[in-house]
Amino acid sequence: MIGANLLRYNKEQIYMVVDVETEGLNLVHSRPFQLSYVKFNLGNILERKNYYLWWPDFQISEGAARVTQFNYNLYKSQAEDPKKVLEELEAYLYDPSIKVVSHNWLGFDCKIINVIRRHLGMKIYYDYLYQEYKVYDTLALSRARKSDLKPDTSSSLNFLAWQRRMLTNRDVKGCSLGAMVKDLKMKIDESKLHDSMYDTEINAELFKEYVWSMELI
């Protein structure tokens, strides 16, 4: 069948949507205080995880606290060892059978994962990005959709490079996760946006829509 390699026909493929909320926007030093992921295939949610990461000297910026509705008492009562959380995440992140989905993973979230590694005295690591068709950045896909552009899936490296080019096109507006979900008439609770657990769940639904509207492999 023509197009049989498209993701829409692989109902058993496992994806992991990841999202983080951070103390600021510095890509070298801003640590995440919340990290969530959802594992799913095109039919079912397979696993949900939501963690708060404990940093003894944590100092969130006023702007970040306002946007994320940061609650220190909740954070302090539920936060866990960042090393434990990182090890669990990376066991899936580096698994070549699992594809990663995120809204601006290539421009932000993957760098924040390395902030955790840096603060734990570990080397930065990006090699997994070059696994075969590993990352699907829904911000890149959203900018392509708004621009009526088709993904370059001629090879895994070309697809990765294409997504990075899409992320540099800041002239395309209205591509935030919340904006895209509303554009597509999907249900959304705006009061929950920027809670990483909620963001992963609605991003999983957004990605499923892209699997059917775009020729992704």
Worksheet item: Can you hop from L93 to M197 via hydrophobic side chains spaced under 4.5 Å?
Response: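 Cluster IDs for L93 and M197 differ.
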
Are [X] and [Y] close enough that some pair of their side-chain heavy atoms sits under 4.5 Å apart?
X	Y	value
Q69	D195	no
V115	H119	yes
K49	L89	no

Worksheet item: Strictly under 6.0 Å, is that where the ring centroids of F58 and Y52 end up?
Response: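 When the ring centroids of F58 and Y52 are compared, they turn out to be at least 6.0 Å apart.
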
Worksheet entry | Shortest non-hydrogen contact between L206 and S142, atoms and distance |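 The answer is CD2-OG, 4.3 Å.
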
Discussion item. How close do G107 and L27 get, counting heavy atoms only, and between which atoms?
Written reply: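 In this case the closest contact between G107 and L27 is O-CD1, 3.9 Å.
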
In chain order, what residues pass the side-chain hydrogen bond (donor to acceptor under 3.5 Å, both in side chains) check against [X], with sequence neighbours excluded?
X	result
N104	none
E80	K84
T22	none
N41	none

Which salt bridge (Lys or Arg N to Asp or Glu O under 4.0 Å) pairs, counting each pair once, include a residue from [range], with sequence neighbours left out?
range	answer
residues 23-43	E23-R31, R31-D57, K39-E47
residues 127-141	none
residues 207-217	R145-E209, E205-K208

Using ring pair (Phe, Tyr, Trp, His ring centres under 6.0 Å) as the criterion, list what pairs up with [X], not counting sequence neighbours.
X	result
Y125	Y94
Y130	none
H29	none

Fill in: Those residues that, when tested against W54, pass side chain to side chain contact (heavy atoms under 4.5 Å, CB included) (two or more places apart)
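Scan of W54 (side chain to side chain contact (heavy atoms under 4.5 Å, CB included), adjacent residues dropped) gives P56, Y72, Y75, K76, A79.
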
Worksheet item: Any sub-3.5 Å donor-acceptor pair from T153's side-chain atoms to L216's backbone N or O?
Response: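 Checked: no pair found.
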
Worksheet item: Looking only at atom types and distance, does a side-chain atom of S156 sit under 3.5 Å from a main-chain N or O of Y133, one as donor and one as acceptor?
Response: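 Indeed, once roles are kept as given, a pair shorter than 3.5 Å links the two residues.
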
Worksheet item: For residues 180-209, which residue pairs qualify under ring-ring contact (aromatic ring centres under 6.0 Å, His included), counting only residues two or more places apart or in two chains?
Response: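 Of all non-adjacent pairs touching residues 180-209, those that pass ring-ring contact (aromatic ring centres under 6.0 Å, His included) are Y15-F207, Y136-F207.
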
Practice prompt. Could you check whether the rings of F70 and F33 sit parallel, tilted or perpendicular, using 30° and 60° as the cut-offs?
Written response: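 Rings of F70 and F33: perpendicular, as their planes differ by over 60°.
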
Worksheet item: Stepwise, does the side-chain contact (heavy atoms from CB on, under 4.5 Å) test hold for I45 with E201?
Response: CA-CA 9 Å; I45 297 293; E201 292 178 343; 6.0 Å; no

